[in-house]
Amino acid sequence: MNTTTTQKQFFSEQLLAWYRRHRRDLPWRRSRNPYYIWISEVMLQQTRVDTVIPYFHRFIERFPTMQSLAEAPEEEVLKLWEGLGYYSRARNLQGAVREVQERYGGTVPDTKEEISTLKGVGPYTSGAILSIAYNKPEPAVDGNVMRVLSRYFLIEEDIMKPATRSLMEKLAKELIPGGAAGDFNQGLMELGAMVCTPRSPHCLTCPVMEHCSARDARMEEALPVKKKAKPPRPEYRIAAIVEGSGVHAGKVLIRQRPQEGLLARMWELPHVEVPFAYAAAADGKDGSIAIPPSISLLTDRLAEETIGVRPERRFMRTEHTFSHIHWDMEVVICSLEPSVLPAASGMLMPSHYEWVDSSVMGQYAFPNVFLKLLNRYFQK
DNA sequence: AAGTCGGGGGG
DNA sequence: CCCCCAGACTT
């Protein structure tokens, strides 16, 4: 990288001017309320603009102030986050807002040191809030910014390495024009989203093509350099749709996940992981799960929780990919088997189980994989 | 430095 | 089908 002063100045000036002409009208750009900027930046972590927009509207309608969010029950926050993924973002946001209420008198801190102590506010988000809400000259380096900078300045370091990120932050900070940190940082991201796209960048409409080093070197498609992620590990699971009877007729059994870990505190269909050996025992050529004997793993587990069930028929097979795990899940419809219940009348289910139908599902937050299954079952 | 933590859209 | 996305946190 051999960077000249004119190349940097050109970039800063042209990008800022371009952004002010071409900025999209996004909901969180209609205010400089630090709380709204904060919500948007957290929602936008690893998530597309188009996905976030409806969530952002619902969230600020229900929680218009930090006080309203601080006082809300966590389940309600989680429910508004339902389907967005990375649910710790929602819990961290509420916890951090409570922290701002208590420690900072309800004002979002305006220094890097203070704001960075808040849960879920890392290097990117702190810079984004400080620059966009307070116009402080702090860099906000996300995937878009690293792509733009790696191309314009022909940086061939692996952008997954922390050292490369530090380099990018240093460079991005130097580029901020005086008094225009918010617009410049947003312009950098806007360019990455709209023009300097991951594949087939639209160089002919780019405001800084003239001095783009990657363009000169015909390297724009090859940058940024990024080591490939490991493929998700496969997991095989078998789930039950337990149909209620009597007072629970028309309802199915759901349960809440543990406090920590994957999909923490979300609701789900009862299910168990099936050892690979069981899954591989399937006769099918596609590696499908052998329902017997896998089903007994499920019924045994439920019996341990005082819930006796009897498998009735196969519902469907579904696959779902998380960042690091791939679920291949067989879903079986079961009926209640009162004879297996220790005291069918009196014995209470564990408190993390509930009966639901489609009318009360709205009170529970489900990850998409189970939301889709339940909606299909209830034919929504 | 590597693993954990969701979900969807686009080529 | 693969890649990527307005990342942060833990180990």
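Quick note on labels: first sequence line is chain A, next is B, and so on, each numbered from 1.
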Exercise for the section: Ignoring the backbone of A/Lys228, work out which of C/dC3, C/dA6, B/dG3 is nearest its side chain. Expected result: C/dC3
Handout entry: Dot-bracket line, read 5' to 3' along DNA chain B, where crossing pairs take [ ] and | marks a partner on another strand, Watson-Crick or G-U under 3.5 Å
Key = |||||.|||||
Exercise for the section: Whole angstrom is fine here: how far is it from CE in A/Met43 over to C1' in C/dA8? Expected result: 17 Å
Exercise for the section: Give a yes or no on whether A/Trp28 and A/Val121 share a hydrophobic cluster (residues Ile, Leu, Val, Met, Phe, Trp, Tyr; joining criterion: side-chain heavy atoms under 4.5 Å apart). Expected result: yes
Problem - Nearest-nucleotide comparison on DNA chain C, the residue closer to the 5′ end among A/Gly120 and A/Asp142 - result: A/Asp142
Practice task
Report, as yes or no, whether the 6.0 Å neighbourhood of atom CZ on A/Arg91 holds more than 12 heavy atoms from other residues, nucleotides or ligands.
Solution key: yes
Practice task
Look at the aromatic rings of A/Tyr152 and A/Phe11 and report parallel, tilted or perpendicular, splitting at 30° and 60°.
Solution key: tilted
Problem - Between B/dG8 and C/dC9 - C1' atom distance, rounded Å - result: 23 Å
Exercise for the section: Report the distance from atom CG of A/Asp328 to atom CZ of A/Phe276, rounding to the nearest 0.5 Å. Expected result: 11.0 Å
Exercise for the section: Using a cut-off of 6.0 Å, state whether more than 12 heavy atoms not belonging to A/Gln67 lie near its atom CD. Expected result: no
Handout entry: A/Glu260, CD atom: more than 12 neighbouring heavy atoms under 6.0 Å
Key = no
Completion exercise
A/Lys119 atom NZ is separated from C/dA8 atom C1', nearest whole Å, by 9 Å
Fill in the blank from the handout: When rounded to the nearest 0.5 Å, the distance separating CZ of A/Arg151 from CZ of A/Arg215 is 11.5 Å
Fill in the blank from the handout: To the nearest angstrom, the CG-P distance between A/Asn144 and C/dC3 comes to 19 Å
Completion exercise
DNA chain C nearest-nucleotide lookup for A/Val121 and A/Arg147: closer to the 5′ end is A/Arg147
Problem - Sugar-phosphate only, base, or nothing, as touched by A/Leu26 at under 4.0 Å among non-hydrogen atoms - result: base
Handout entry: Sequence-aligned protein contact record of nucleotides 4-11 of chain B, with B where the base is within under 4.0 Å of a protein heavy atom and S where only the sugar-phosphate is
Key = SBBBBS--
Practice task
Provide the distance between the two C1' atoms, one in B/dC5 and one in C/dC5, to the nearest whole Å.
Solution key: 15 Å
Problem - Length of the line joining A/Met146:CE and C/dC4:C1', which is rounded to integer Å - result: 12 Å
Practice task
Determine the contact category for A/Val49: base if any of its heavy atoms lies under 4.0 Å from a base atom, sugar-phosphate if only primed atoms, P, OP1 or OP2 are that close, otherwise nothing.
Solution key: base
Practice task
Find the distance A/Met160:CE to C/dC5:C1' and express it as a whole number of Å.
Solution key: 12 Å
Handout entry: A/Arg233, CZ atom: more than 12 neighbouring heavy atoms under 6.0 Å
Key = yes
Exercise for the section: Determine the contact category for A/Lys161: base if any of its heavy atoms lies under 4.0 Å from a base atom, sugar-phosphate if only primed atoms, P, OP1 or OP2 are that close, otherwise nothing. Expected result: nothing
Problem - Flag if over 12 foreign heavy atoms under 6.0 Å of CZ, A/Arg24 - result: yes
Exercise for the section: Remember a base hit wins even if backbone is also touched, and classify A/Trp81 as base, sugar-phosphate or nothing at under 4.0 Å, heavy atoms. Expected result: nothing
